[in-house]
Amino acid sequence: MPVVKVRFAPSPTGNLHVGNLRTAVLNYLYARNQGGTFILRIEDTDMERSEARYETSIMDDLKWLSINWDDGPYRQSERTDLYRDFANTLLEKGLAYKCFCPKEKLENARHASLDKGEPPRYDGRCRALSPEELKSFEEEGKPYVVRFRAPRKAIFFRDGIRGQIEFPPDHVDDFILLKQELTPSYNFAAAIDDMTMGITHVIRGGDHISNTPKQIMLFEAFRKKPPKYAHHSLLVGNDKKPLSKRHGATRITEFRDMGILNVALLNYMGILGRGVMKEVMNEDELARTFTLKSLSGSDSVFDMEKLFWFNKEHIRRMPVERLLEVTGLDQTYSEKVFLLRENARTVVEIRELLSIFEGTEIADSGLSYLASSSCFQAVVAVVRNALNDSRDITLEDILEKVVHTVDAPKKELFLVLRILITGRTDGPPLKDIFHFIPSVHILERIRWLDQRLSSQ
RNA sequence: GGUCCCAUAGUCUAGUGGCCUAGGACGCUGGCCUCUCACGCCGGAAACGGGGGUUCGAAACCCCCUGGGACUACCA
């Protein structure tokens, strides 16, 4: 049994979005599950649209998710000679031919047949050029492309996720191998790369199913055994359309900015569209339990709410040390972060909750509750006096004073107190956090509240 | 138009002919716990796209329809 070798082959024509990312994750997990190698290959044969900055950002995103490649990155733009060699071999064997048809003419013919409701395919005009014609075109220096002499035969393969898939003999026409600049087309480059790199399993999106017969034919033309193919479903947005640049938060870095943990994103990508026994898993568990068979063939909606849930779960499991790192806080915060993490879905929320210890204002939610409370002025007075009498007063003492002086439901009293002390309506138990909050901050908050009320 | 893929609750799935009065998870929701929120615990609403077969029996198998999607480029 040969060692498993898979690849992730993005084209650097844009930033990675979750759809592409999922393909990378699936390949990565399969490689790790099988003890195989994971190759990164940059498919930059489209000179027009490929940009170096996208290549960089794709690699940065992969690194952030700890999806490390064992080999590469290979760039197709650096392998042009290789593709030409392979094309020449085909030319020599008569398995490919030069096509001199002008681009515009083909384009027109294509639209014409499309309008007539006919299949738009190459008419094979240059398929059987006479030696004389060929020679004269070549001497003229007439531009050409290299076309594959596609055999008219049915192609079938066993998909690792979908099972048997079969294509009729006329599915593939004489597609282009080398474009006019003699650079490879996608299908040619992909097949040659998979062939020469010894890829054993091609795991990619279902949008490539119809390309597969072309690539298999190429393998057969070189008398090579094609890899195993597995076409996973596509990720779609709420509108059920495949994810693309159009959909909101498509940039991976945006997830990081939102306070999403890399392990949470990896987790979600690793189980989305899959039937699993347990959902919350770390990288090792994800790899250990991964099988192609567990992948579903139908498209999956990317659900941000579910990602938030995974994030929350991972925040709660993460060592405080690590949490401090991603939050950008030093050791002195470890107790506070430890207390706050139960209340946060994202690392951004952890930072916001820090205002409990450091802020001197009162959040809107707190303000609106106070506005609906009839007793808060009385509580303010008690708290202020208590604090002025002694800066070392305990929460218990304050509580007792408030309960004895102000006549209001206990629940209301407690909430008002919480708001005055923390500036928020949510947060960990007051008794756990009170000793971290300097009394001057509380007095400051009360002063802020006074000003706010008097200025209205 | 042609070819191919897909079809269980709002979402992701389990289900390989009887164990399904369809299970789990997110979300939503009622209650308990509680100074608030969160956590936790206990409950609830919510699905087999439609029609034909096959079978003693169909969510599961076959066919048709419908609906989504992909490919059909000198894009990848």
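Every heavy atom of this structure was used, including side-chain atoms; hydrogens, water molecules and symmetry mates were not. Small disclaimer: the values here were computed from a predicted structure and weren't measured.
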Distance check: side-chain N/O of A:T45 vs OP1/OP2 of B:A76, anything under 4.0 Å?
yes
Donor + acceptor pair across side chains of A:H231, A:T212 (<3.5 Å):
yes
Could you give the CG-to-P distance, from A:D207 to B:C71, as a whole number of Å?
6 Å
With RNA chain B as reference, determine whether A:W309 or A:D44 sits nearer its 5' end, using the nearest nucleotide of each.
A:W309
With sugar-phosphate meaning primed atoms plus P, OP1 and OP2, does A:V301 contact a base, only sugar-phosphate, or nothing at under 4.0 Å between heavy atoms?
sugar-phosphate
Could you work out the separation of B:C20 and B:A59 based on their P atoms and round it to a whole Å?
13 Å
Which residue, A:E107 or A:V276, contacts RNA chain B at a nucleotide closer to its 5' end, judged by nearest heavy atom?
A:V276
Write down the distance between CG (A:N187) and P (B:C74), rounded to a whole number of angstrom.
11 Å
Consider only side-chain N and O atoms of A:R79 and A:T196, and report whether a donor and an acceptor are under 3.5 Å apart.
yes
Partner nucleotide, any strand, of B:A59 [Watson-Crick/G-U, under 3.5 Å]:
none
Is the distance between the ring centroids of A:Y30 and A:F38 under 6.0 Å?
no
Look at A:S300 and B:U13 and indicate whether a side-chain polar atom (N or O) is within less than 4.0 Å of OP1 or OP2.
yes
Got a second to check how far A:R41's CZ is from A:I199's CD1, nearest 0.5 Å?
6.0 Å
Do we see a donor-acceptor contact under 3.5 Å between the side chains of A:Y97 and A:D174?
yes
Using the P atom on both, measure B:C37 against B:G43 and round to a whole Å.
22 Å
Do A:R322 and A:T327 get their side chains close enough for a donor-acceptor pair, meaning under 3.5 Å?
no
Taking B:C41 as the reference, what is the distance to B:A7 when you measure between their C1' atoms (whole Å, please)?
37 Å
Between NZ of A:K306 and C1' of B:C26 the distance, given in whole Å, is 4 Å
For nucleotides B:C65 and B:C4, find the distance between their P atoms and express it as a whole number of Å.
13 Å
Just checking, any donor-acceptor pair under 3.5 angstrom between side chains of A:S57 and A:D60?
no
Gap between atoms CZ and P, on A:F302 and B:G69 respectively (whole Å):
20 Å
Please verify the inter-ring angle class for A:F357 with A:F436; under 30° counts as parallel, over 60° as perpendicular, anything in between as tilted.
perpendicular
Separation between the C1' atoms of B:G53 and B:C5, rounded to whole Å
25 Å
Do we see a donor-acceptor contact under 3.5 Å between the side chains of A:Y369 and A:E412?
no
Measuring only the C1' atom in each nucleotide, how far is B:U11 from B:A46? A whole number of Å is fine.
12 Å
Would you indicate what A:H208 reaches in the nucleic acid, counting non-hydrogen atoms under 4.0 angstrom: base, sugar-phosphate, or nothing?
base
Examine the side chains of A:Q76 and A:D193 and answer whether a donor and an acceptor come within less than 3.5 Å of each other.
yes
A:Y54 OH to B:C75 C1': how many Å, rounded?
15 Å
Is the shortest side-chain N/O distance from A:K278 to OP1 or OP2 of B:G24 below 4.0 Å?
no
For the residue pair A:S294 and A:R274, confirm or rule out a side-chain donor-acceptor distance under 3.5 Å.
yes
Applying a 4.0 Å non-hydrogen cut-off, can you work out what A:R49 is touching in the nucleic acid: base, sugar-phosphate, or nothing?
base
Of the candidates B:C71, B:G69, B:C74, the side chain of A:K103 sits closest to B:C74
Looking only at atom P, what distance separates B:G69 and B:G27, rounded to whole Å?
28 Å
Reading nucleotides 28-45 of chain B from the 5' end, what letters show protein touch, with B for base, S for backbone sugar-phosphate only, - for no heavy atom under 4.0 Å?
-------BBBSSS-----
Please work out if A:N211 contacts a base, only the sugar-phosphate, or nothing of the nucleic acid, heavy-atom cut-off 4.0 Å.
base
Using purine N1 to pyrimidine N3 plus N6-O4 or O6-N4 for Watson-Crick, or N1-O2 and O6-N3 for G-U wobble, both under 3.5 Å, which nucleotide pairs with B:C4?
B:G69
Using the P atom as the reference point in each nucleotide, state the distance between B:G44 and B:G57 in Å, no decimals.
33 Å
About how many Å separate NE2 of A:H111 and CG of A:L106, when rounded to the nearest 0.5 Å?
11.5 Å
To the nearest Å, how far apart are A:H231 NE2 and B:C6 C1'?
14 Å
Suppose we define a pair by two distances each less than 3.5 Å, Watson-Crick or G-U wobble; what does B:C37 pair with here?
none
B:C74 - base-pair partner by Watson-Crick or wobble geometry, distances under 3.5 Å
none
A:L235 CG to B:A70 C1': how many Å, rounded?
15 Å
Verify the contact: side-chain N or O of A:S296 to OP1 or OP2 of B:U13, cut-off strictly under 4.0 Å; return yes or no.
yes
Could you check which nucleotide pairs with B:G43 in any of the strands shown, counting Watson-Crick or G-U wobble with both distances under 3.5 Å?
B:U29
What's the CG-P distance between A:L234 and B:C12, to the nearest Å?
13 Å
Using a strict heavy-atom distance below 4.0 Å, which residues from residues 149-180 of chain A are in contact with RNA chain B?
A:R162, A:I165, A:E166, A:F167, A:P168, A:H171, A:I176, A:K179, A:Q180
With both distances under 3.5 Å as the test, what is the Watson-Crick or G-U wobble partner of B:U54?
none
